[in-house]
Peer 1: 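Let me begin by handing over the structure; questions about it come next.
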Amino acid sequence: MNKIRVRIAPSPSGNLHIGTARTALFNYLFAKKHNGDFILRIEDTDLERSNEAYTQNIYDSLKALGLNWNEGPDVGGDYGPYQQSERFDIYPKYAQKLIDEGYAYECFCTQEELDKEKEESIKNKKPHKYSGKCRNLSEEEKNELKAKGIKPSIRFKVPQEGEIGFEDLVKGELKVNLDTIGDFVIMKSNGTPTYNFAVVIDDMEMKISHIIRGEDHISNTYKQILIYKALKAQIPKFGHLGMILAPDRSKLSKRHGATAVSEFVEKGYLTDALINFVALLGWSPTDGNEIKNVDEIAQDFRISEVSSSNSIFEYDKLNWMNGQYIKKMEIPKLVEKIKPFLSKYNLSELTQQQLEKMVEITREPLTLLSDITDEVNYFFGGKNVEIEENVKNDVLNMEVSQKVLKDILDNRIDNWHFDDEEKLHDELADLRTYFKEKEGIKPKQTMWALRAAVTGKTHGADLVAVLGILGYDNVKARIKSAIN
RNA sequence: GCCCCCAUCGUCUAGAGGCCUAGGACAACACCCUUUCACGGUGUAGACAGGGAUUCGAAUUCCCUUGGGGGUACCA
C-alpha cells in the first residue's frame with residue numbers, strides 16, 4: 001500500500017484561522033494514526049491578498065499547536081516547491097494536455113458576456129452555469145478572436161450526462177448530476193491557474209493520498225475528480241468535515257471575537273488547550289476522558305467516526321479547558337507563558353523562585369493566562385501596597401481588625417518564621433485561636449484583617465504562601481501602615 | 001432560483017433496531033469542603049425538530065416537511 005500523505009494548504013491572506021487549525025489537526029491526526037506524512041503547502045496564488053507576514057504567522061501558529069509538518073516551504077521535501085507561487089510554470093503544460101486530448105477548450109467570452117448570461121438565467125429562474133458557448137469554436141473562429149487581441153481562458157469540458165460521485169471518508173456516498181456543473185475555468189486569461197486546477201495538479205504531483213477539508217469544498221471535489229480522471233491520475237480519498245460556526249450559527253468572524261490562533265494566544269489561551277478543545281468539535285474520545293494531548297488523540301482517532309454535522313464554537317468549555325491546562329502545567333513552563341501578561345510589573349522585584357511560587361499559588365482560579373494580571377499586583381511594590389477603597393472601609397478600619405493588626409505587630413511578627421511554611425502556618429493558626437478564645441473574633445475575621453493589610457484585597461491566594469513570598473520586612477511595613 | 005450537506009439536553013457529544021426510564025462533558029442551580037476567592041466533591045434540572053412508513057419493537061432504517069449550513073466566480 002502506498003504511504004498515506006495528507007496536506008494542509010492555507011492561503012496566506014490572513015493569520016491562521018481557528019477553522020484551518022482544526023482542519024490541519026484532523027489531517028495531522030490521520031497521518032499520525034496511519035504513520036503517514038503531513039505536508040504544508042502555502043497557496044499564495046492570489047498575490048494581491050497574500051502576505052509574507054501571514055505565512056510566518058501560519059508557520060508559528062501551526063508549530064505552537066504542535067502540528068509539525070514533514071514537508072513544506074521551509075523544510076523542503078521531495079515534491080517541492082511547496083509554495084504555489086513558485087509553481088506557476090507547471091500548470092500550463094497540464095492545461096495544454098487537457099486541450100490536446102479534448103478535455104478542455106479555449107474560451108473567449110468576456111466578463112460582460114458572462115455576467116449577462118448569468119443575469120438571464122437568474123431572471124428565468126434557471127440554474128446558472130456557463131452555456132458552453134465557446135465549446136465548439138472552429139480554428140478559424142478562434143484565430144479571428146485571437147487576432148482581435150482577446151486572450152482566452154481555458155475551460156474544462158464537463159460531460160453533461162450521468163452523475164459523478166465518490167465515497168466520502170466521513171459522510172459516506174456523495175454524488176451529483178453532471179448537468180448541474182457547468183464548464184469551469186481552469187486557466188485564467190492572464191495565464192494563472194484557478195484554485196480547482198492548481199490544487200489538483202499540486203496534490204497529484206505531491207502524491208497526496210487523502211484530502212481532509214471543510215465541507216465547503218464538497219462542490220469543488222466533483223470538479224476536481226473530473227480533472228483527475230481526465231488526467232488519468234490516481235484519485236485521492238476525500239473526507240469532508242462539518243464547519244465551525246459562531247454561536248449565532250453564522251460563519252465565525254471577527255465580530256464574534258478571536259478567529260486567529262495567534263489572537264487566542266494573545267488573549268491568554270494555551271495552545272494545548274485550544275487544540276484539545278477544537279478536537280472535541282467533531283471528535284469524541286472512546287474512554288470518556290476529554291483532556292488529551294494531540295498524540296493521545298491520534299491513538300484514538302478514526303476519521304470515519306468524526307461527526308459530519310457543523311458545530312458551534314462556544315467559549316464556555318474552552319475556558320474551562322484552558323483552566324484545566326493552567327492547573328496541570330509544569331510551573332517553570334507556565335511562568336514563561338505567563339510572563340507576557342505581567343509586563344506592567346517590575347519582575348526583577350522577585351527572584352525566579354519567588355516568581356514561580358507566586359504563579360503556583362495564584363494559578364488556581366485562572367481561566368485565561370491574562371487573568372493573572374489583576375490577581376498578583378500585591379506581590380509587587382515592596383513595602384507599599386495599594387488598598388482597594390472598599391477594603392479600607394469595610395475591613396481595615398473595623399475595630400477588630402485594628403486590634404488584630406496591632407497585636408501582630410507588637411507581639412507576634414518578630415517571632416514568625418517567614419521562610420518556613422509549616423511553622424508559619426501554625427503561627428497563623430495560633431493567632432486565630434487566640435482571638436477566637438480571647439475576644440470571640442471569628443477566625444475568618446482575623447484572617448481578613450491580615451490579608452487586607454498585606455494584600456489590599458479581601459480574597460486571594462493562600463495567605464501563608466503570600467506572606468512567605470513577601471517576607472518579613474515587606475509584611476511588617478504593610479501592617480504598620482494599615483494601622484491607624 | 002438551482003445543487004449539495006446536516007439535524008440527540010443551551011453548547012460539544014455517546015448512541016450503528018431491543019442494553020435507552022437516552023449516557024458523559026461544559027455552562028446553570030443546590031449542597032458539602034474551606035482562614036478568603038477559588039479548586040474539588042456530591043446532587044438537581046435539561047434533548048431524540050415535526051409527520052408518515054418499515055418492524056413484534058426505532059434516537060437508530062426509508063420518505064416528506066421544517067430548520068440550519070455550504071456551494072453556485074477568470075476568489076481560495
Side-chain angles (χ1 to χ4, degrees), chain A residues 9-13 43-46 48-50 84 107 109-111 114-115 118 121-130 151-155 168 171 174-177 179-182 184-196 198-199 214-222 240 242-243 245 247 249-251 277 280-286 288-291 305 307-321 323-324 327 362-366 375 395 425 428-429 431-432 442-452 455 457-464:
Chain A
S11 74
S13 53
E43 304 210 328
D44 56 348
T45 322
D46 190 344
E48 274 176 28
R49 287 197 298 159
S50 296
Q84 215 165 44
C107 170
C109 295
T110 62
Q111 194 57 55
L114 262 15
D115 289 345
K118 189 171 167 182
S121 49
I122 291 177
K123 209 164 66 188
N124 299 327
K125 299 195 174 184
K126 286 263 169 60
H128 39 263
K129 58 174 190 181
Y130 177 62
K151 291 244 186 299
S153 62
I154 300 175
R155 280 183 189 272
D168 190 274
K171 289 179 189 288
L174 256 32
K175 59 180 180 189
V176 74
N177 282 325
D179 62 14
T180 63
I181 308 174
F184 55 92
V185 173
I186 56 175
M187 292 293 284
K188 305 177 201 172
S189 53
N190 67 8
T192 63
T194 59
Y195 166 76
N196 274 319
V199 234
E215 69 176 22
D216 49 339
H217 282 285
I218 291 179
S219 56
N220 288 327
T221 302
Y222 301 115
H240 294 272
M243 317 249 63
L245 271 26
R249 294 182 186 279
S250 69
K251 212 158 150 188
F277 171 72
L280 258 18
L281 265 28
W283 170 85
S284 67
T286 49
N289 180 198
E290 296 185 320
I291 307 256
E305 285 173 5
S307 160
S308 59
S309 49
N310 295 342
S311 37
I312 292 173
F313 190 103
E314 286 275 15
Y315 277 84
D316 280 343
K317 193 158 185 174
L318 171 61
N319 289 342
W320 166 79
M321 188 161 276
Q324 294 297 310
K327 277 187 259 301
T362 51
R363 86 215 279 206
E364 212 161 65
L366 305 182
E375 206 65 42
V395 183
H425 183 272
L428 287 193
L431 174 75
R432 265 175 267 142
K442 284 186 188 154
K444 203 186 273 193
Q445 200 108 33
T446 310
M447 296 303 275
W448 255 20
L450 215 205
R451 178 183 295 280
T455 72
K457 296 171 187 281
T458 53
H459 62 264
D462 177 61
L463 239 196
V464 175

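In the text below, chain A, chain B and the rest are named by the order of the sequence lines, each starting its count at 1.
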Peer 1: Taking B:rG46 as the reference, what is the distance to B:rG52 when you measure between their P atoms (whole Å, please)?
Peer 2: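 Result for the P pair: 26 Å, nearest Å.
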
Peer 1: Is the distance from OP1 or OP2 of B:rA76 to the nearest side-chain N or O of A:K188 less than 4.0 Å?
Peer 2: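 Result: yes.
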
Peer 1: Taking only the P atom of each, what is the distance from B:rU11 to B:rG50 in whole angstrom?
Peer 2: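 The same atom, P, in both gives a distance of 15 Å.
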
Peer 1: Under the criteria of a ring-centre distance below 5.5 Å and an interplanar angle below 30°, is A:H459 stacked with the base of B:rA38?
Peer 2: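 Stacking between A:H459 and B:rA38: absent.
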
Peer 1: Would you measure the distance from the P atom in B:rG67 across to the matching atom in B:rU61 and give it in whole Å?
Peer 2: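 Here B:rG67 and B:rU61 have their P atoms 23 Å from each other.
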
Peer 1: For a quick test of reading the model: is some side-chain N or O of A:Q324 closer than 4.0 Å to OP1 or OP2 of B:rG40?
Peer 2: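 Answer is yes, contact under 4.0 Å.
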
Peer 1: For B:rG10 versus B:rA47, give the span between their C1' atoms, rounded off to a whole number of Å.
Peer 2: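 Approximately 10 Å lies between the C1' atom of B:rG10 and that of B:rA47.
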
Peer 1: In whole angstrom, give the distance that lies between atom CZ of A:R49 and atom P of B:rC74.
Peer 2: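 Atom-to-atom, A:R49 to B:rC74, this comes out as 15 Å.
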
Peer 1: Return the value, rounded to whole Å, for the distance between atom CH2 of A:W320 and atom P of B:rA25.
Peer 2: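 Rounded to the whole Å, the gap is 9 Å.
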
Peer 1: Say you pick atom C1' in B:rC19 and the same atom in B:rG51; how far apart are they, in whole Å?
Peer 2: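 Going atom to atom, C1' in each nucleotide, I get 29 Å.
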
Peer 1: Using only modelled atom types and a 3.5 angstrom limit, is any donor from either the side chain of A:S189 or the base of B:rC74 paired with an acceptor on the other?
Peer 2: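 Flag set: donor-acceptor pair detected.
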
Peer 1: For B:rU13 and A:S311 - does any side-chain N or O of the residue sit under 4.0 Å from the phosphate oxygens OP1/OP2?
Peer 2: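 Affirmative; the distance criterion is met.
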
Peer 1: Paired with B:rC2: which nucleotide, if any, by Watson-Crick or G-U wobble criteria at under 3.5 Å for both distances?
Peer 2: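 When the pairing criteria are applied, B:rG71 turns out to be the nucleotide that pairs with B:rC2.
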
